[in-house]
Amino acid sequence: VPPIQLLAISGSIRRNSGNTAVLEALRSRLEHSGKATMTLFGLGSLPLFSVDLEGARLPGEVRAFQDAVRRCDGLVICSPEYNYGMTGVLKNGLDWASRPSLKSPLKGKPALIMSAATASTGGVRAISQIRDTLVACLARVVARPDVVVAKVHEKIIDGKFTDETVLAFAEQAIDDLIAEIRITSGTR
Ligand SMILES: Cc1cc2nc3c(=O)[nH]c(=O)nc-3n(C[C@H](O)[C@H](O)[C@H](O)COP(=O)(O)O)c2cc1C
């Protein structure tokens with residue numbers, strides 16, 4: 001059986017993003033455990049969504065992103081909360097991945113949502129918004145206790161996210177995602 005392939009999406013394109021650091025730490029942890037492979041897709045090169053750019057004029061970056069979402073076995077999203085919501089960067093990416101509507105690469109896709117923020121609330125309000133949007137796109141959001149990373153800036157040392165308690169909890173969430181992938185694919 002080929003290994004499970006996860007696509008990781010950070011809701012922040014900031015150079016020293018804590019959310020990206022959480023995903024990087026999970027990626028190397030999964031690599032060591034052999035449970036799954038994880039690839040990060042940066043949303044920074046996607047244009048702002050417009051129906052005018054669809055069809056024959058679809059930009060290559062958008063096609064690459066849609067293909068990556070379609071090909072992966074499951075999505076791992078980690079996003080900060082901006083002004084009590086998900087970031088514009090992430091919403092823009094999800095809108096691109098949502099097309100064509102109801103038949104998009106997101107349809108039926110198992111997806112795990114996490115958030116990291118500097119606040120002690122860990123960006124939990126972004127999670128509910130992301131969940132609503134993924135449900136609108138018919139993705140299979142993993143139902144489980146939220147993975148929220150509070151005070152993310154205090155848990156990064158030399159650019160690496162290092163909090164073992166958070167990483168162990170996030171790995172349990174990945175296990176739930178893998179279980180969802182196995183249930184929905186029937187074979188893996
Ligand atoms: C425009 C803006 C709005 C923000 N709003 C919130 C917020 O509503 N709740 C929160 O917990 N943090 C908020 N923050 C702080 C972010 O949690 C913090 O910048 C976080 O580190 C961003 O994630 P990153 O490190 O992955 O870029 C906001 C930051 C910015 C730049």
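Counting starts at 1 for both ligands and their atoms, in listed order.
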### Task
Would you kindly check if the NZ (Lys) or CZ (Arg) of Arg29 is within the cone defined by 45 degrees around the ring axis of Phe161 and under 6.0 Å from the six-membered ring centre?
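Verdict for Phe161: no cation-pi partner in Arg29.
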
Between Phe65 and the options Trp96, Phe49, Phe41, the ring pair (Phe, Tyr, Trp, His ring centres under 6.0 Å) test singles out Phe41

- Would you sort out whether Glu54 and Val62 count as a side-chain contact (heavy atoms from CB on, under 4.5 Å), showing the intermediate values? CA-CA 9 Å; Glu54 292 189 299; Val62 172; over 6 Å; no

Checklist entry - Got the residues with a heavy atom under 4.0 Å of ligand 1, by chain and number? => result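 Shell around ligand 1 (4.0 Å, heavy atoms): Ser12, Arg14, Ser17, Gly18, Asn19, Pro80, Glu81, Tyr82, Asn83, Tyr84, Ala117, Thr118, Ala119.
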
Check whether Ser104 reaches the backbone of Ser101 with its side chain - one donor and one acceptor, N or O, closer than 3.5 Å.
no

Query raised in the report: Are Thr184 and Arg140 close enough, and set up right, to give a side-chain contact (heavy atoms from CB on, under 4.5 Å), and what steps lead you there?
Result: CA-CA 9 Å; Thr184 52; Arg140 289 181 176 269; 3.1 Å; yes

- Message: Closer than 4.0 angstrom, basic N to acidic O: yes or no for Asp95 and Lys91?
- Response: yes

